Structures are given as C-alpha cells and as structure tokens.
Asker: 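My structure is below; once you've seen it, I'll send some questions.
All values derive from a computational prediction rather than experimental measurement. Each ligand, and each atom within it, is numbered from 1 in the order the structure gives.
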Amino acid sequence: MKKKLMIRLAVSLFFFSCFYFSGNAFAATQIKLGVVTKPGSAQNIAAEKFKELIEERSNGSFRVKIYHSASLGNETEILQQVQMNTIQMAIVTGGPFDTFAPITRVINYPFLFKDNAQADKILDGPLGRQILDKLESSGFKGLAFSENGFRNLTNSKHQVRTPADVEGLKVRVMASTIHKTIWSTLGANPTPMPWPIYTELEQGVIDGQENPLWVMEVYKFYEIQDYLSLTRHVYSYHIDVASLRWWKTLNQTHQEMIQTAMQDAAVFQRQENRAKDADRLKLLKEKGMEVVENPDVEAFRAKVADLKNMDLYQDPEVQEMLLKMMEAVK
Ligand code: EAX
C-alpha cells in the first residue's frame, strides 16, 4: 500500500516538474495592466493588442491581465499603483501625467501639432523619447505613445463657433493644470473631474466636456450632449508605462520584448483609431448631434497664444522642451 502511494507521488512530482520547468503557465510572469476606460475605448484597444503581442512573442513567459473600467480607480490612482509596482503597467491619458511629470505638459500645448503625421513624427522621434525617459525620475518606465486623438468640445447649451460662445460654460477637464488653464483662458468655467463623467453631464453638474470623437460614440455622449464643435484644440496622447521598480527586475531580452510589443501595439492602435474617425462623425450626426465642423480655430488659437509664457511652463527643463517642440512643428 505504502509503496503504491510512493510511486504515485513520485510520478506526480515528475510530471509537475516537467510542467513547471518547461516555461509554461506555472512559470509565466503576470503583468497587471490598468486602464480607466471600458472595452472598445482607445486605451483598451492598445492594451489588448499589447497583451496579444507579448503573450505570443514570449511564448507564454508573460501573461497580461487587463484591469479596466475604473476597477483600479481613476487615472491618478492607476499611476500611483504603477509607481508602487502593485500593478506593472498602465495606459493613461496625457492629462493626469501632468502632476507626476510636468514635462508632459508640452505635448498638451494647445494647437501644437498640425496633424497626425506630425504628432507621430515628433512623438516617435528623439523629443518623444526624451519625454519618456524623463518619466524615470517619477518611477515610470516610459514605453510608447498610443493615442486618444484630437480633442473636440461638446456641450448641452448651444453651438460653439468662437471663444465668445465658450464664455461661462461649465466644462469638465482632466486632472491637469494645463487643460484647466486652457479653458479658463478661453473664458469657460473649467471643472477638473476624473473619468468617467456621463452622470455629471446627464445631471447638468457640467455643461460640456472635450474629448476625441470615439469617446462621444463609445460613452454615448450623443444621448446627453446636443452640440459638437470640431475644435481639435489638443492632440491627446496616452503614455504607455511600466513600473520602473518592476522594469529593473527584468532581463534585457524581456525588456526589449516588452518595449517593442508596446510600440507595435501603439502604432497599430493609432492607425485603427484614425481609420474609424470619418464613420464616427457620420454616426454622431445620425444620432442627432449638431456639428460645427469649422469653428473659428484661429480665434481660439489667438486667445491661448500667451500660454507659453505662463508659470506652468516656467520650469527651465519644461520651458526648454516646449521651445524645442515649437521649433519642431514649424
Ligand atoms: O479617454 O479623461 C479623459 O477625458 C480621457 O480623455 C478619457 O479617459 C477618455
């Protein structure tokens, strides 16, 4: 009896060891990745692509679990968890990075990039890299930029063509000094609020918000916001980050694998996002939104022209990066 048991134990141990040391699920490193948005959102598409690529390319050495729909809290809280390495990665909108790393403000500068191609060229180039590297001093390994897209204003009150139409509107903004300043300079009444904001819009706590077109579709803002103006005032990026504390525990092969998979996922997601934009505008119109396709962008731009001289850009390092960016977009 005892002998049989011993044999069984030995056999189980043998199979367990084979399984364990063959680099399968037992040995896989789990990456917890946080996004605040829900499936179908720009952040989620980048996260899902990254998961697919890294699991495939690492032959299962990495497994990614995506925490979405604010299950880990808002974007500021997600970033704090990355700093502490309670989660290993995150895809977070440009705005909330502002308090962690003021240098990211330069990308939120209003009317900075002319178009998608220019944004890609600069963010995938040396200036983008410098900004990503700078995140190390806040505990993040900056991997890549995926995108939200150009931001547009919606509201429930009236059509917006000029800055005068914005006067006094209660506009929700991200947790970002620069975004708040843009809207107060334009004459609105900006209210910082973390995502999501459907209920606040519905209840009239705020009159409007600004985001790329996919947001109006995925979060059904057409149900509660009648007016959309294609202001394209800020190119909104996400920064795809890892916890620096975790990053340092990885060997170089794995670091490179993750870096490349995230960059590839970002490029894929940007293309996908842009390809859908024309249909989205059509859909939003069909859903009843009144769209101002050509607001007076020059008047908006003129009104925020002094922003570069404001305090929030006065840190010498931030100032220098802003000047370089402005030179690069010429
Ligand atoms: O990605 O907070 C925001 O306005 C973000 O753009 C939102 O999470 C959608």
Side-chain angles (χ1 to χ4, degrees), residues 33-50 66-82 90-100 104-105 107-110 113 119 144-155 169-183 188 190-202 205-222 224-225 228-241 265-266 269-270 272-274 276-277 280 284:
L33 188 157
V35 293
V36 76
T37 42
K38 64 182 183 183
S41 300
Q43 292 86 334
N44 300 61
I45 291 167
E48 283 158 20
K49 190 70 186 175
F50 170 74
I66 300 170
Y67 293 82
H68 56 81
S69 310
S71 58
L72 297 177
N74 64 41
E75 291 192 307
T76 303
E77 290 159 343
I78 288 175
L79 287 177
Q80 287 162 347
Q81 291 165 70
V82 174
I91 297 181
V92 170
T93 322
F97 264 101
D98 174 313
T99 45
F100 292 84
T104 60
R105 281 179 198 162
I107 324 178
N108 288 292
Y109 197 82
F113 298 130
F145 295 99
S146 44
E147 77 160 24
N148 236 356
F150 282 93
R151 301 179 80 91
N152 300 297
L153 180 70
T154 69
N155 82 95
L169 271 187
K170 270 188 265 166
V171 178
R172 174 270 177 178
V173 292
M174 292 187 279
S176 152
T177 327
I178 168 72
H179 277 272
K180 189 163 182 243
T181 310
I182 293 171
W183 289 96
T191 314
M193 244 175 226
W195 198 255
I197 55 168
Y198 187 96
T199 315
E200 288 79 0
L201 286 169
E202 191 183 25
V205 181
I206 38 177
D207 305 320
Q209 62 89 42
E210 40 81 56
N211 252 305
L213 295 180
W214 71 261
V215 173
M216 296 22 149
E217 180 189 344
V218 173
Y219 282 91
K220 298 196 163 84
F221 285 177
Y222 51 78
I224 44 173
Q225 298 274 275
L228 164 62
S229 294
L230 303 186
T231 44
R232 294 169 64 85
H233 50 278
V234 169
Y235 175 74
S236 193
Y237 55 94
H238 319 135
I239 309 187
D240 313 328
V241 289
Q269 182 268 332
R270 286 184 227 152
E272 170 115 343
N273 197 31
R274 291 162 192 176
K276 288 185 187 155
D277 247 16
R280 285 185 183 128
L284 296 174

Asker: Indicate, as side chain, backbone, both or neither, the part of Tyr219 found under 4.0 angstrom from ligand 1 when only non-hydrogen atoms are considered.
Answerer: neither
Asker: Ring-plane angle category for Phe221 and Tyr198, please: parallel below 30°, perpendicular beyond 60°, tilted otherwise.
Answerer: tilted
Asker: Can you name the closest pair of heavy atoms from Pro194 and Asn74 and give their distance?
Answerer: CB-CB, 3.6 Å
Asker: What do you reckon, does Glu210 have a nitrogen or oxygen under 3.5 Å from a nitrogen or oxygen of ligand 1?
Answerer: no
Asker: In the protein, what heavy atom is nearest to atom 1 (O) of ligand 1, and what distance, to one decimal place, separates them?
Answerer: Gln43 NE2, 2.8 Å
Asker: For the backbone of Asn148 and the side chain of Asn273, can you confirm whether one donor and one acceptor N or O come within less than 3.5 Å of each other?
Answerer: yes
Asker: Which ligand 1 atoms are under 4.0 Å away from a heavy-atom of Met174?
Answerer: 2 (O), 3 (C), 4 (O)
Asker: Below 4.0 Å from ligand 1: does a non-hydrogen atom of Arg151 turn up there or not?
Answerer: yes
Asker: Do Arg151 and Glu210 sit within salt-bridge range, that is, some charged N less than 4.0 Å from a carboxylate O?
Answerer: yes
Asker: As a check for students: among Glu147, Glu75, Arg172, identify the option with a heavy atom nearest to atom 2 (O) of ligand 1.
Answerer: Arg172
Asker: Return the residue, atom name and 0.1 Å-rounded distance of the protein heavy atom closest to atom 7 (C) of ligand 1.
Answerer: Trp195 CD2, 3.5 Å
Asker: Any N/O of Asn211 closer than 3.5 Å to an N/O of ligand 1?
Answerer: yes
Asker: Which atom pair, heavy atoms only, marks the closest approach of Leu228 to Thr154?
Answerer: CD1-CG2, 3.8 Å
Asker: Could you check whether any heavy atom of His238 sits closer than 4.0 Å to an atom of ligand 1, since that is the contact criterion I want to use?
Answerer: no
Asker: Parallel, tilted or perpendicular, judged at 30° and 60°: which one describes the rings of Trp183 and His233?
Answerer: perpendicular
Asker: Compare every heavy atom of Ala266 with every heavy atom of Asp240, then report the nearest pair and how far apart it is.
Answerer: OD2-CB, 3.9 Å
Asker: Mark up the atoms of ligand 1 that fall under 4.0 Å of a heavy atom belonging to Asn148, in ascending order.
Answerer: 1 (O), 5 (C), 6 (O), 9 (C)
Asker: Below 3.5 Å, N or O to N or O, backbone or side chain included: is there any such pair between Thr37 and ligand 1?
Answerer: no
Asker: Charged N to carboxylate O below 4.0 Å: is that the case for Asp277 and Arg280?
Answerer: yes
